[in-house]
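All values reported here derive from a predicted model rather than from experimental measurement. The chains referred to below are lettered A, B, ... by the order of the sequence lines, with proteins before strands, and numbering in each begins at 1. Any value given below was found using the heavy atoms of this structure, including those in side chains, with hydrogens, waters and symmetry copies removed.
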There are 2 protein chains.
Amino acid sequence: MSDIKFTDRRTASNPLFLRDEEIREGIELLFYAYRDHVSDPDKILRKKGFGRAHHRVIHFVGRNPNINVAELLKILRITKQSLGRVLKQLVEEEIIHQRISTEDRRQRLLTLTEKGEELEKILSEPQRQRFARAYREAGPEAVAGFRKVLEGLINEDERRAILDKITRS
Amino acid sequence: MSDIKFTDRRTASNPLFLRDEEIREGIELLFYAYRDHVSDPDKILRKKGFGRAHHRVIHFVGRNPNINVAELLKILRITKQSLGRVLKQLVEEEIIHQRISTEDRRQRLLTLTEKGEELEKILSEPQRQRFARAYREAGPEAVAGFRKVLEGLINEDERRAILDKITRS
DNA sequence: ATTATACGTCAACATGTCTGACATAAAATT
DNA sequence: AATTTTATGTCAGACATGTTGACGTATAAT
């Protein structure tokens with residue numbers, strides 16, 4: 001019974017099953033790709049006594065020099081208490097520099113120090129290499145499709161703002 | 001000085017910069033897409049007293065009925081002690097069923113119970129909808145490219161095995 | 001009979017997250 | 001000028017998830 005049902009579902013005349021199956025495969029591919037993608041810097045960080053949280057902060061401060069704390073919290077979607085601990089360590093280790101905004105003296109603007117820039121490069125290098133390889137193997141058209149689908153996976157209400165931020169440089 | 005350097009780097013005659021930039025954008029897109037993708041089931045799970053770890057177990061047991069513990073550990077890349085805690089809860093709540101393999105009585109084969117199947121559907125539904133929307137908007141060619149690049153991001157030495165597993169059904 | 005494997009479990013600890021409460025400085029509003 | 005709101009920091013306590021290390025048991029393989 002369940003066998004019959006199974007073969008039936010896979011028939012070419014049932015495009016719904018194909019779509020479902022395709023989607024499931026996409027979800028799994030995304031899991032494995034992301035797992036491997038983040039495993040690279042994780043290894044490096046552990047040796048330095050940092051974790052993935054530190055990497056995310058380093059990355060987004062690097063990408064958004066002079067970002068303030070509230071903005072960073074929005075991107076990372078964590079609480080300020082969580083960020084606080086990580087940020088404190090990074091400031092103590094002189095990876096990140098805080099300065100008071102002249103426009104609004106309540107705000108702390110964050111930038112990478114030189115040491116921070118260096119670390120950022122070290123951390124992202126294996127990720128960039130991984131992407132470079134994948135892009136090279138897949139070709140430019142595939143890359144365009146990759147980006148298009150990723151964009152579509154982002155929450156609709158934030159998509160525009162995120163794309164503007166990413167591609168603004 | 002740094003301005004000159006900057007504009008210079010972006011010149012069309014410097015394809016290396018374009019590639020770098022493209023890669024960075026890909027890395028960020030992946031971050032945001034993944035962040036939103038996993039946020040859906042997270043909300044549902046917290047209400048039930050489970051976390052992301054439980055979802056991963058539910059997902060992979062659902063996808064690999066009768067998987068044994070060692071196999072599951074390889075996929076999840078966590079220690080058996082970590083898995084043990086989560087698995088215990090899921091078995092107690094009758095989400096996952098364990099039975100002893102007849103071929104090797106040391107092995108515990110894991111399957112979803114009916115209740116587990118239901119929960120799996122509830123959890124993955126928003127993710128599937130998100131993918132369905134993204135796939136629809138991007139079109140079949142983009143989807144092919146998306147998959148191709150994701151495959152390329154997976155560690156080379158495991159890629160073959162993972163692809164076989166994902167697309168075997 | 002011995003060794004290796006698959007699994008479970010106990011203990012101790014690290015990290016990253018959370019909620020809630022409170023403090024301070026500065027900006028904005030009345 | 002006084003009050004309220006905002007941006008940030010911090011303390012305390014909790015929870016989820018991960019780690020190492022050690023040990024036990026049942027079963028399979030040698």
Side-chain angles (χ1 to χ4, degrees), chain A residues 31 35 38-39 41-61 64 66-93 96-111, chain B residues 35 38-39 41-61 64 66-93 95-111:
Chain A
F31 170 82
R35 180 191 70 171
V38 297
S39 73
D42 271 11
K43 285 173 209 146
I44 303 168
L45 283 159
R46 247 183 317 176
K47 289 178 202 157
K48 311 212 176 228
F50 293 143
R52 197 174 297 178
H54 300 83
H55 185 211
R56 286 197 290 259
V57 173
I58 292 168
H59 175 86
F60 284 104
V61 171
N64 305 277
N66 295 313
I67 190 173
N68 64 43
V69 174
E71 277 301 309
L72 190 52
L73 285 176
K74 265 187 229 160
I75 292 178
L76 298 176
R77 291 222 190 125
I78 55 176
T79 58
K80 62 177 174 176
Q81 295 90 331
S82 281
L83 176 60
R85 191 160 42 183
V86 170
L87 200 51
K88 205 174 176 181
Q89 290 173 276
L90 291 172
V91 170
E92 275 167 11
E93 303 265 350
I96 283 183
H97 177 248
Q98 284 178 314
R99 62 182 187 78
I100 291 172
S101 168
T102 50
E103 284 162 27
D104 182 339
R105 292 179 49 77
R106 290 171 303 181
Q107 290 183 350
R108 304 288 178 279
L109 305 186
L110 309 174
T111 49
Chain B
R35 179 190 71 170
V38 297
S39 75
D42 271 10
K43 285 172 210 145
I44 304 168
L45 282 159
R46 246 182 318 176
K47 288 178 204 157
K48 311 213 175 225
F50 294 142
R52 199 174 295 179
H54 300 82
H55 186 211
R56 286 198 290 260
V57 173
I58 291 168
H59 175 85
F60 285 104
V61 171
N64 305 276
N66 295 312
I67 191 174
N68 63 46
V69 174
E71 277 303 306
L72 189 52
L73 286 175
K74 266 187 228 161
I75 292 177
L76 298 174
R77 290 218 191 131
I78 56 175
T79 56
K80 63 175 175 177
Q81 294 90 331
S82 271
L83 175 60
R85 194 165 30 196
V86 171
L87 199 51
K88 204 174 172 180
Q89 290 172 278
L90 291 172
V91 170
E92 275 167 10
E93 302 267 351
I95 303 294
I96 284 182
H97 178 248
Q98 285 178 312
R99 63 182 185 80
I100 292 171
S101 168
T102 49
E103 283 163 29
D104 183 339
R105 292 178 48 79
R106 291 171 304 182
Q107 290 182 352
R108 302 288 178 279
L109 305 187
L110 309 174
T111 48

* Taking for each residue the nucleotide of DNA chain C with the nearest heavy atom, is it A:T102 or A:G51 whose nucleotide lies nearer the 5' end? -> A:G51

* For A:A53 and for A:S101, locate the closest nucleotide of DNA chain C by heavy-atom distance; then report the residue assigned to the nucleotide nearer the 5' terminus. =>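 Residue closer to the 5' terminus by nearest nucleotide: A:A53.
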
Indicate, with a heavy-atom threshold strictly under 4.0 Å, whether [X] touches base, sugar-phosphate, or nothing.
X     : value
A:R46 : nothing
B:R56 : sugar-phosphate
B:Q89 : nothing

* Tell me which of B:H54 and A:E71 sits closer to the 5' end of DNA chain D, going by the nucleotide each one is nearest to. =>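 The residue mapped nearer the 5' terminus is A:E71.
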
Go through [options] for me and flag the one nearest to the [X] side chain.
X      : options                : answer
A:K80  : C:dA27, D:dG18, C:dA21 : C:dA21
A:I78  : C:dA25, C:dC18, D:dG18 : C:dC18
A:T79  : C:dC18, D:dT19, D:dG18 : C:dC18
A:Q107 : C:dG8, C:dG20, D:dT8   : D:dT8
A:K88  : C:dA26, D:dT8, D:dC11  : D:dC11
A:Q81  : C:dT5, D:dG9, C:dT19   : C:dT19
B:S82  : D:dT19, D:dT17, D:dT8  : D:dT19
A:A70  : C:dA6, C:dC7, D:dT8    : D:dT8

* Asked: Taking atom types as they are modelled, is there a donor-acceptor pair under 3.5 Å from the base of C:dT5 to the side chain of B:R106?
  -> yes

I need the [atom1]-[atom2] distance between [X] and [N], as an integer number of Å.
X     : N      : atom1 : atom2 : result
A:R52 : D:dT17 : CZ    : C1'   : 12 Å
B:I96 : C:dC7  : CD1   : P     : 14 Å
A:L72 : D:dA7  : CG    : P     : 15 Å
A:L73 : D:dA7  : CG    : C1'   : 10 Å
B:K47 : D:dA16 : NZ    : C1'   : 19 Å
B:L87 : C:dA6  : CG    : P     : 17 Å
B:D42 : D:dA16 : CG    : C1'   : 11 Å
B:N68 : D:dA28 : CG    : C1'   : 14 Å

* Using a cut-off of less than 4.0 Å, is there contact between a side-chain N or O of B:R108 and OP1 or OP2 of D:dT27? -> no

* Asked: OP1 or OP2 of D:dT27 sitting under 4.0 Å from any side-chain N/O of B:R105?
  ->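 For D:dT27, OP1/OP2 do have a side-chain N/O of B:R105 under 4.0 Å.
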
Between [Y] and [X], is there a side-chain heavy-atom distance shorter than 4.5 Å?
X      : Y      : value
A:R46  : A:K48  : no
A:S101 : A:R105 : no
B:I96  : B:T111 : no
B:R52  : B:P41  : no

* B:L110: which of B:N68, B:I67, B:L90 passes side chain to side chain contact (heavy atoms under 4.5 Å, CB included) -> B:I67

* Asked: Quick one: CD on B:Q107 to CG on B:L109, what's the gap to the nearest 0.5 Å?
  -> 6.0 Å

